[in-house]
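Predicted model, so just to flag it, every value in this text is computed and none were measured. Throughout, a chain's letter reflects where its sequence line sits, starting with A, and its residues are numbered from 1.
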2 protein chains.
Amino acid sequence: MSDPDAAPAPARRGGNGRAGRVAYDLDAVLAVAVQAFNERGYDATSMGELAERLGTSKSAIYYHVSGKQELLRLALERALGNLEALLQEPDGQPGGAPDAAAPSALERLERVIRGAVRVLVQELPFVTLLLRLRGNTDVEREALARRREFDHAVARLVEEAVADGALRSDVDARTATRLLFGMVNSLVEWYRPGGGLTADQLADAVVAMAFEGLRAQPGARR
Amino acid sequence: MSDPDAAPAPARRGGNGRAGRVAYDLDAVLAVAVQAFNERGYDATSMGELAERLGTSKSAIYYHVSGKQELLRLALERALGNLEALLQEPDGQPGGAPDAAAPSALERLERVIRGAVRVLVQELPFVTLLLRLRGNTDVEREALARRREFDHAVARLVEEAVADGALRSDVDARTATRLLFGMVNSLVEWYRPGGGLTADQLADAVVAMAFEGLRAQPGARR
DNA sequence: GTCTATATACCGATAGAC
DNA sequence: GTCTATCGGTATATAGAC
């Protein structure tokens, strides 16, 4: 999968391109659009500005997509698809060996958290866009519904872990889930790759704070 | 201070109003505007829609404010003023007695966290607007600069508490601060007053999760 | 596939009557 | 203080040449 932030520059055509002709494919248009939506906001970003950023005209964009809303829909599909895959394969990576014993709810929760951090980092602009939706249009409302279903699935994991006695029960499970993913989701507001913090270090910090808290524990190896 | 969510209905005039005439004052206009900005986004909200929500005309709004940007500026001023006051009086409430010993950095941090939760709850729509800014205009950039200064002040508290040995040192202080306020700020995305969770209970949950973590500790009274 | 030109609609803001 | 009418600007999207 291409990194949308890395190369907003136009890609040269494949074998069927005319000599030296620079063209944009859908992925390049989408990458630039998502970056612009995140910087300025979806509503504040005009098709004219997208054309400027791409060094082309509005009409050229309409050749690739049916309109501004389809750009949004494609971007949200990518973010949601990656997040939903976490729930299908809670190991964090597909194709894992058939596990020994079934993992506990707490173990599954930690894997989902680490997976979510990984997806947020790998698909940063797309997930950023998803997390800032307001639900103004049908496209946005459909995406928000899918996001809510993801949240509910995580909440069920938290409740299960509380029932197991693995998580504290004096904080409501729903509240804990929301605070937990409030912390995870806030990554998109400040994390930037290449800033001296790898995705794994970030996941470690999130899991440590979420499960053990920030307070120094006397005698603990910290 | 009036509650902007509670009464979007027009307020009757004071002593100088003509008999029975319904009018809007600046506070009523601001309350409706902030609610609309949060629901639909600032850019996606037109002055025409504000007029519709107020049951009046666009011109009537322009009588009260110079334009759409001033509505934004007034709302952000209210949110920032309340947050900045937390740093001046870290007791959480003004007029506290001159304290005995100077509180530790950890104690001051907890007071700021509880104060921030209180401000978020009490001024929910205004802080929500602040936290969703993108920095498209001068008004927004000025507000973002003030917000960054607030964040930096909290980060200095965290660093001080780490230096005291009160907070764990295996998580970078900057990262910890960002995760901490990512958790706090996420409240605006889901907390609604009257939902069975008081501001104090919420602050307890935030402080418990931030400092002690979610994991059940064997033998601990939880 | 990309261009220029344009159709159509809505935006923020203002003018002037009442 | 609120109204109707309208200004100038810009938005999305399309038409048709090349």
Side-chain angles (χ1 to χ4, degrees), chain A residues 9-30 32-34 36-37 39-75 134 136-140, chain B residues 9-30 32-34 36-37 39-75 134 136-140:
Chain A
R12 299 216 162 244
R13 279 259 197 75
N16 59 348
R18 277 160 294 200
R21 186 72 172 87
V22 173
Y24 296 94
D25 59 7
L26 178 58
D27 271 4
V29 172
L30 189 57
V32 170
V34 170
F37 292 164
E39 285 175 13
R40 307 236 319 134
Y42 173 75
D43 288 292
T45 303
S46 69
M47 295 295 274
E49 182 178 341
L50 292 185
E52 270 186 29
R53 289 185 183 223
L54 283 161
T56 182
S57 65
K58 287 192 291 179
S59 298
I61 299 176
Y62 280 100
Y63 174 81
H64 291 288
V65 294
S66 70
K68 196 173 155 183
Q69 278 221 83
E70 191 185 345
L71 286 171
L72 182 61
R73 191 182 56 76
L74 290 170
R134 304 275 9 111
N136 289 352
T137 65
D138 283 340
V139 168
E140 300 183 34
Chain B
R12 299 219 164 243
R13 278 259 196 75
N16 61 347
R18 278 159 293 201
R21 186 72 172 88
V22 173
Y24 297 94
D25 60 7
L26 178 57
D27 271 5
V29 173
L30 188 56
V32 170
V34 170
F37 292 163
E39 285 175 13
R40 308 235 320 134
Y42 174 74
D43 288 293
T45 305
S46 69
M47 295 295 274
E49 183 178 341
L50 293 184
E52 270 185 30
R53 289 185 183 223
L54 284 161
T56 182
S57 64
K58 285 192 293 178
S59 298
I61 299 177
Y62 280 99
Y63 175 83
H64 292 287
V65 293
S66 69
K68 195 174 158 184
Q69 277 221 86
E70 190 185 346
L71 287 171
L72 182 61
R73 191 182 56 75
L74 290 170
R134 304 276 6 112
N136 289 352
T137 65
D138 283 340
V139 168
E140 300 183 36

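Among C/dA5, C/dT2, D/dC3, the nucleotide with an atom closest to any side-chain atom of A/Ser59 is C/dA5. Among the nucleotides D/dA13, D/dT2, C/dT2, the one closest to the side chain of A/Tyr62 is D/dA13. Closest approach to the B/Lys68 side chain among C/dA13, D/dC3, C/dC3 is made by C/dA13 (side chain taken as heavy atoms from C-beta onward).
Counting to the nearest Å, the P atom of C/dG1 and the CD1 atom of A/Ile61 are 16 Å from each other. Straight-line distance from the CG atom of B/Asp43 to the C1' atom of C/dG12: 12 Å, rounded to whole Å. Between A/Leu54 atom CG and C/dC3 atom C1' the separation is 15 Å, expressed in whole Å. As rounded to whole Å, 11 Å separates atom P of C/dC11 from atom CG of B/Leu50. Atom-to-atom, NZ of A/Lys58 to C1' of D/dA13 comes out at 7 Å; the value is rounded to the nearest Å. What separates CZ of B/Phe37 from C1' of C/dG12 is a distance of 12 Å, to the nearest Å. In this structure, NE2 of A/His64 is placed 16 Å from C1' of D/dA13, rounded to the nearest angstrom. As rounded to whole Å, 20 Å separates atom P of D/dC7 from atom CE of B/Met47.
Side-chain contact between B/Leu71 and B/Phe37: present, with at least one pair of heavy atoms (C-beta onward) separated by less than 4.5 Å.
Nearest heavy atom pair, residue B/Leu50 against residue B/Ala36, reads CD2-CB, 3.6 Å. Smallest separation of non-hydrogen atoms from A/Ser57 and A/Ala51: C-CB, 3.4 Å. Nearest heavy-atom pair, B/Lys68 versus B/Tyr42, reported as atom, atom and distance to 0.1 Å: NZ-O, 3.1 Å.
A donor-acceptor contact shorter than 3.5 Å is absent between the side chain of B/Glu49 and the backbone of B/Thr45.
When the side-chain nitrogen and oxygen atoms of A/Tyr63 are compared with OP1 and OP2 of C/dT2, none of them lie within a distance under 4.0 Å. The phosphate of C/dT2 has neither OP1 nor OP2 within less than 4.0 Å of any side-chain N or O from A/Ser57.
Using a 4.0 Å heavy-atom distance criterion, B/Ser46 is classed as a sugar-phosphate-only contact.
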